[in-house]
Number of protein chains: 2
Amino acid sequence: MKPSARAKLLDAALGTIREKGYSATSVDDLCARAGVTKGAFFHHFKSKDALAVAAADHWSETTAGLFASAAYHDPADPLDRILAYVDFRKSLIDGEIAEFTCLVGTMVQEAYGASDDIRGACWRSIAGHAETLEADIAAAIEKYNVGGITPESLALYTQASIQGAFILAKAKNDPGVAIDMIGHLKRYIELLFKPEGREARRP
Amino acid sequence: MKPSARAKLLDAALGTIREKGYSATSVDDLCARAGVTKGAFFHHFKSKDALAVAAADHWSETTAGLFASAAYHDPADPLDRILAYVDFRKSLIDGEIAEFTCLVGTMVQEAYGASDDIRGACWRSIAGHAETLEADIAAAIEKYNVGGITPESLALYTQASIQGAFILAKAKNDPGVAIDMIGHLKRYIELLFKPEGREARRP
DNA sequence: CTTTCGATACCAACCGGTTGGTATGTTGTC
DNA sequence: GACAACATACCAACCGGTTGGTATCGAAAG
């Protein structure tokens, strides 16, 4: 089955918007990259903003598949699963910057004030992914007897740290700085759950 | 002394670019907000990109003044100074999102691939500000005998966390989530330097 | 089985408005 | 009168979006 124009446009959007930003990406850019015409674009999306919302949703589904099938869910200990997630995020940082950075994190900075639909789609993507971490965090909080944080808050903080790491990588034009930043995130989680000299509460 | 067109344009850029993003901000937008004409714009800046570089530099100078005169430098203990800095950053999060978020963090996401001059100016702004934290971090590392991190890396991580907090605030359209994220940054620094003094543990 | 018909998918050409940028003044100051 | 600091008028290219039309399909009618 040959890919439809709609699917090709969505894939083109993931790449082009991460390279050039949302506003700087023209409808013609997307059509050229997807190999379709403008008529096809506006047949499938009623506006450029509507494509952005669809692209954010497409991004959510794509990344959800990637993370659901990843190996970081395997460890028996919930803290180990969280740390494996962080390591997995670190391992994804490779190659061109536009290939490992986050579509919705890029897009929401430009669109939050102009389109509530786009902003909402980006938030759903970020918050929805963060939610997939909450069960492990809640289990680790229970097992290691940690107070003062909520699973939701820490899950969102992992995403904030990673988004910030991407910004620094773009600014320095160096993926290495993003890896270094995520190292701090990992250290925070380790310190939070395993302070020196204390062991986990044995069940 | 009445403000020159150049100064008015730079001030207009700080506001407008944070509201709408760099690409979506037109030269006409800036001229209208600054109350000057297009001729004045291109008299002072040879291109829109050149204004972006100047705006990033102007941002660096403006924020440098704000932070240099802030009270967080007062505590005698270097760790207290770092924590006071984090509290100060938290206290700045108030009002409209475009008023407390970071110009260069917003701009670099759009421009890193298109203009190396803009990207470099943004990196200088972020890295330059991070450097102002390094002396206190180095002193705290020495005083509290902490290993495994460098002052430069931790200083950059504070900026990454804060930039990520801004992204989440934009996505959720809620400054509160940014404040919550910076709370995690503060906890990380506390755990890093004072692992034995954890207050957050449940009895 | 064939024909008709409506719906979907797609295309090339085009539209009015906006874009960053320029060319040519005019004004105020030394 | 020289020169910086603006303003006015303008342009070619590009923008998001619309137009009228074609190709291809499955379902239903004959």
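Chain letters run A, B, ... following the sequence lines, proteins first and then strands; every chain starts at 1.
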Asks: Rounded to whole angstroms, how far apart are CG on B/Leu9 and C1' on D/dC6?
Replies: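 One finds 11 Å between C1' of D/dC6 and CG of B/Leu9, rounded.
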
Asks: Would you list the pairs meeting ring pair (Phe, Tyr, Trp, His ring centres under 6.0 Å) in which at least one residue belongs to residues 121-158 of chain B, sequence neighbours left out?
Replies: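 Applying ring pair (Phe, Tyr, Trp, His ring centres under 6.0 Å) to every pair that reaches into residues 121-158 of chain B, excluding sequence neighbours, yields A/His184-B/Tyr157, B/Phe67-B/His129, B/Tyr85-B/His129, B/Tyr157-B/Tyr188.
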
Asks: Apply the test side-chain hydrogen bond (donor to acceptor under 3.5 Å, both in side chains) to residues B/Asp29 and B/Thr16: give CA-CA distance (whole Å), side-chain angles for both, the deciding distance (0.1 Å), then the verdict.
Replies: CA-CA 8 Å; B/Asp29 285 339; B/Thr16 308; over 6 Å; no

Asks: Just one of B/Thr106, B/Ile17, B/Val108, B/Leu103 clears the side chain to side chain contact (heavy atoms under 4.5 Å, CB included) bar with B/Tyr22, so which one?
Replies: B/Ile17

Asks: Just the atom pairs and distances: protein N or O near nucleotides 18-22 of chain C's N or O, under 3.5 Å.
Replies:
{"residue": "C/dG20", "atom": "OP1", "partner": "B/Lys48", "partner atom": "NZ", "Å": "3.2"}
{"residue": "C/dG20", "atom": "OP2", "partner": "B/Val27", "partner atom": "N", "Å": "2.8"}
{"residue": "C/dG20", "atom": "N7", "partner": "B/Lys38", "partner atom": "NZ", "Å": "2.9"}
{"residue": "C/dG20", "atom": "O6", "partner": "B/Lys38", "partner atom": "NZ", "Å": "3.3"}
{"residue": "C/dG21", "atom": "OP2", "partner": "B/Lys48", "partner atom": "N", "Å": "2.8"}
{"residue": "C/dG21", "atom": "O6", "partner": "B/Lys38", "partner atom": "NZ", "Å": "3.0"}

Asks: With a 4.0 Å cutoff (strictly under), does any side-chain N or O of B/His43 reach OP1 or OP2 of D/dC6?
Replies: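 Checking B/His43 against D/dC6: no side-chain N or O falls below 4.0 Å of OP1 or OP2.
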
Asks: Under 4.0 Å from OP1 or OP2 of D/dC6: is there any side-chain N or O of B/His44 that close?
Replies: yes

Asks: State, with a plain yes or no, whether a side-chain heavy atom of A/Tyr72 is found less than 4.5 Å away from one of A/Leu83.
Replies: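 With C-beta onward as the side chain, the pair stays apart.
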
Asks: Which residues pass the side chain to side chain contact (heavy atoms under 4.5 Å, CB included) test with B/Ser47, not counting sequence neighbours?
Replies: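 Counting only residues at least two positions away or on another chain, B/Ser47 forms a side chain to side chain contact (heavy atoms under 4.5 Å, CB included) with B/Asp49, B/Ala50.
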
Asks: In this structure, how many angstroms lie between the P atom of C/dC10 and the CZ atom of A/Phe45, rounded?
Replies: 11 Å

Asks: Apply salt bridge (charged side-chain N to carboxylate O under 4.0 Å, His left out) to A/Arg119 and A/Glu110, showing your working.
Replies: CA-CA 9 Å; A/Arg119 184 201 58 72; A/Glu110 296 181 63; over 6 Å; no

